[in-house]
Amino acid sequence: QVQLVESGGGLVQPGGSLRLSCAASGSGFSIYAMGWHRQAPGNARAMVASITSGGSTNYADSVKGRFTISRDNGKNAVYLQMNSLKPEDTAVYYCQLVDYNGKGDWGKGTLVTVSS
């Protein structure tokens with residue numbers, strides 16, 4: 001069983017920054033990768049960034065150069081530093097965990113709103 005809790009979302013002006021955090025807790029899981037997906041109203045969930053337990057990262061083209069994903073394996077945590085935010089970044093951001101058995105888990109999301 002695993003629980004994922006996101007935090008750090010909020011309202012920010014274009015060009016601003018936010019840092020999202022996600023911590024996994026529970027037992028009976030081993031993390032292969034953690035990452036962030038986002039979902040704007042009416043749209044499907046889309047990958048933003050991911051990182052493996054070994055530190056390999058992957059980013060959506062739309063966020064490269066602006067977002068940085070990092071992790072703390074000891075805390076089973078993942079972070080997303082978001083800089084130079086744009087209105088199109090507005091979405092609910094969901095934390096994702098993939099274990100070595102291929103099982104995916106999701107947090108309940110945190111809302112990021114980029115608006116003047």
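Remember, predicted model here, so these are calculated numbers, not experimental data.
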* **Contact list for residues 94-116, test side-chain hydrogen bond (donor to acceptor under 3.5 Å, both in side chains), sequence neighbours left out** =>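 Qualifying pairs: Ser53-Tyr100.
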
* **Euclidean distance, Ile69 CD1 relative to Met82 CE, rounded to 0.5 Å** => 11.5 Å

* To do: Could you grab the distance from atom CZ of Phe67 to atom CG of Leu85, nearest 0.5 Å is fine?
  =>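 These two atoms lie 5.0 Å from each other.
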
In chain order, what residues pass the side chain to side chain donor-acceptor pair (under 3.5 Å) check against [X], with sequence neighbours excluded?
X     : answer
Asn83 : Ser17, Gln81
Asn43 : none
Ser62 : Arg38
Ser7  : none

* Counting only heavy atoms not in Gln1, do more than 12 sit closer than 6.0 Å to its CD atom? -> no

Considering all heavy atoms, the nearest [X]-[Y] contact:
X     : Y      : answer
Met47 : Asn58  : CE-ND2, 3.5 Å
Leu20 : Val112 : CD2-CG2, 4.0 Å
Ala49 : Leu80  : CB-CD1, 4.1 Å

* Asked: Relative to Tyr79, does Arg19 satisfy both conditions: NZ or CZ under 6.0 angstrom from the six-membered ring centre, and within 45 degrees of the ring's axis?
  -> yes

Among pairs that include at least one residue of [range], which meet disulfide bond (SG atoms under 2.5 Å apart), considering only residues two or more places apart or in two chains?
range          : value
residues 57-87 : none
residues 25-92 : none
residues 6-110 : Cys22-Cys95

* Structure fact -> side-chain contact (heavy atoms from CB on, under 4.5 Å) filter on Ser25, not counting sequence neighbours, yields Gln3

* Ala24: what forms a side-chain contact (heavy atoms from CB on, under 4.5 Å) with it, not counting sequence neighbours? ->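 Partners of Ala24 under the side-chain contact (heavy atoms from CB on, under 4.5 Å) test: Val2, Leu4, Phe29, Met34, Asn76, Leu97.
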
* Apply the test side chain to side chain contact (heavy atoms under 4.5 Å, CB included) to residues Gln39 and Tyr93: give CA-CA distance (whole Å), side-chain angles for both, the deciding distance (0.1 Å), then the verdict. => CA-CA 7 Å; Gln39 187 170 20; Tyr93 285 70; over 6 Å; no

* Structure fact -> Residues joined to Leu11 in its hydrophobic cluster, side chain to side chain under 4.5 Å directly or through other members, sorted by chain and number, are none

* Report the residues that fulfil salt bridge (charged side-chain N to carboxylate O under 4.0 Å, His left out) with Arg66, sequence neighbours left out, ordered by chain and then residue number. => Asp89

* Does Tyr59 belong to the same Ile/Leu/Val/Met/Phe/Trp/Tyr cluster as Tyr32, with side-chain heavy atoms less than 4.5 Å apart forming each link? ->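 In one cluster: no.
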
